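Taking it in order: structure first as structure tokens, then the write-up.
Only heavy atoms go into these numbers, but all of them, side chains included; no hydrogens, no water, no symmetry mates. Atoms within a ligand are numbered from 1 in the order they appear, just like the ligands themselves. Only a predicted model underlies this, so the values are computations on that prediction, with no experimental measurement involved. Numbering starts at 1 and runs along the sequence shown.
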Amino acid sequence: MKRIGVYTSGGDAPGMNACIRAVVRTAIYHDIEVVGIQRGYEGMIDGDFRKMDRHSVSNIIQRGGTILKTSRSERFRTEEGRQRAYNRIKEAGIEGLVAIGGDGTYAGAHAFYQQCKIPVIAVPGTIDNDLYGTDYTIGYDTALNTAVEAIDKIRNTADSHNRLFIVEVMGREAGYIALNCGIAGGAEVVLVPENDSNVDDVIQKLEEGRKHNKTSSIIVVAEGDQSGGAIAVANQINEQFDYYDTRFVILGHVQRGGVPTCRDRVMASRLGSASVEALQDGLSNLAVGFINNRINHTSLAKATKNHREMDTNLLELVEILAG
Ligand code: F6P
């Protein structure tokens with residue numbers, strides 16, 4: 001393989017730059033040229049390419065976002081869009097691809113391989129940590145730490161004013177951020193899409209807390225939870241339970257930005273390097289990931305069909321520790 005392309009797609013995640021750097025530097029080490037495909041699948045269709053050398057990835061390991069930019073592409077969902085992208089890839093002499101992103105990126109890479117048979121390796125890059133075939137996704141650790149820091153700050157006000165705060169974190173279909181920042185932030189209740197949640201049960205728990213003289217509480221809710229998110233939960237609690245003065249906070253895209261943690265930089269570097277090595281070994285249509293801290297390969301057919309199961313027993317731990 002003489003020339004490969006690398007792109008980031010879907011939601012940006014802290015650590016994507018560290019991964020791009022690892023892809024470029026590992027490829028150069030093996031005498032492979034690298035083309036940066038800008039704006040994900042959109043840029044692939046438009047032929048928005050740039051040649052990458054060792055200097056084009058200097059001083060980016062510590063930066064959030066993605067220097068290659070990203071997008072969510074509707075055009076790439078069509079056969080015609082993918083054909084156009086393939087034509088651009090061929091013209092540029094690109095022989096293999098590294099796709100960094102979440103489930104939409106994986107689905108695009110898999111469809112592209114099936115239609116055009118271009119070798120592709122996917123790398124898990126999403127703050128959601130919800131991809132099959134890996135214990136870890138790039139950006140999750142940073143996002144989690146951002147959320148925990150925010151909860152710690154919110155707790156100061158909750159405690160000072162005897163308030164109840166409902167904190168909404170990201171995760172349309174996955175509750176990993178909610179569950180783990182809830183445990184780390186000492187939340188009284190965590191609501192996630194993976195579990196049937198019911199605000200009446202939450203109110204029941206708040207009642208119990210009141211009996212134990214709790215003066216403040218924090219509830220963490222994932223944006224995709226069936227309760228409808230922080231505003232809906234706050235409204236329902238306000239109607240039925242007036243013991244607390246209730247406020248809500250939606251953390252939103254704050255969780256996607258910022259300086260990547262050490263863990264995200266190291267893991268992203270290892271994954272980026274492993275993706276190039278996989279291409280070099282003639283592997284294709286698979287995702288690299290980590291299982292028990294070791295590089296793991298999962299076929300994209302499997303990774304796109306399955307969801308990573310959450311250990312919902314940890315929700316019980318939240319309840320036990322809430323006291
Ligand atoms: O997939 C990452 C993620 O941040 C989700 O947690 C969130 O639901 C979604 O992206 C938001 O996407 P957008 O930035 O396109 O609104």
Exercise for review: Using ring pair (Phe, Tyr, Trp, His ring centres under 6.0 Å) as the criterion, list what pairs up with Tyr140, not counting sequence neighbours.
Suggested key: none
Practice item. Report yes if some heavy atom in the side chain of Ile203 is under 4.5 Å from a heavy atom in the side chain of Ile237; otherwise report no. Key: yes
**Study point:** Electrostatic pair Asp48:Lys69 at N-O distance under 4.0 angstrom
**Key:** no
Contacts table for residues 314-323: side-chain donor-acceptor under 3.5 angstrom, sequence neighbours left out:
residue, atom, partner, partner atom, Å
Glu319, OE2, Lys205, NZ, 3.2

For ligand 1, run through the N/O pairs with the protein that fall under 3.5 Å and put one pair on each line.
residue, atom, partner, partner atom, Å
ligand 1, 1 (O), Asp128, OD2, 2.9
ligand 1, 4 (O), Arg256, NH1, 2.8
ligand 1, 6 (O), Asp128, OD1, 2.7
ligand 1, 6 (O), Asp128, OD2, 3.4
ligand 1, 6 (O), Gly171, N, 3.3
ligand 1, 8 (O), Glu223, OE2, 2.4
ligand 1, 10 (O), Arg72, NH2, 3.1
ligand 1, 10 (O), Arg256, NH1, 3.1
ligand 1, 12 (O), Arg72, NH2, 2.9
ligand 1, 14 (O), His253, NE2, 2.8
ligand 1, 14 (O), Arg256, NH1, 3.1
ligand 1, 14 (O), Arg256, NH2, 2.9
ligand 1, 15 (O), Arg72, NE, 2.9
ligand 1, 15 (O), Arg72, NH2, 3.3

Practice item. Just jot down the ring pair (Phe, Tyr, Trp, His ring centres under 6.0 Å) partners of Phe112, sequence neighbours excluded, or say none. Key: Phe76
Review point. Between Arg256 and Asp12, is there a donor-acceptor pair closer than 3.5 Å when you use the side chain of the first and the backbone of the second?
Key: yes
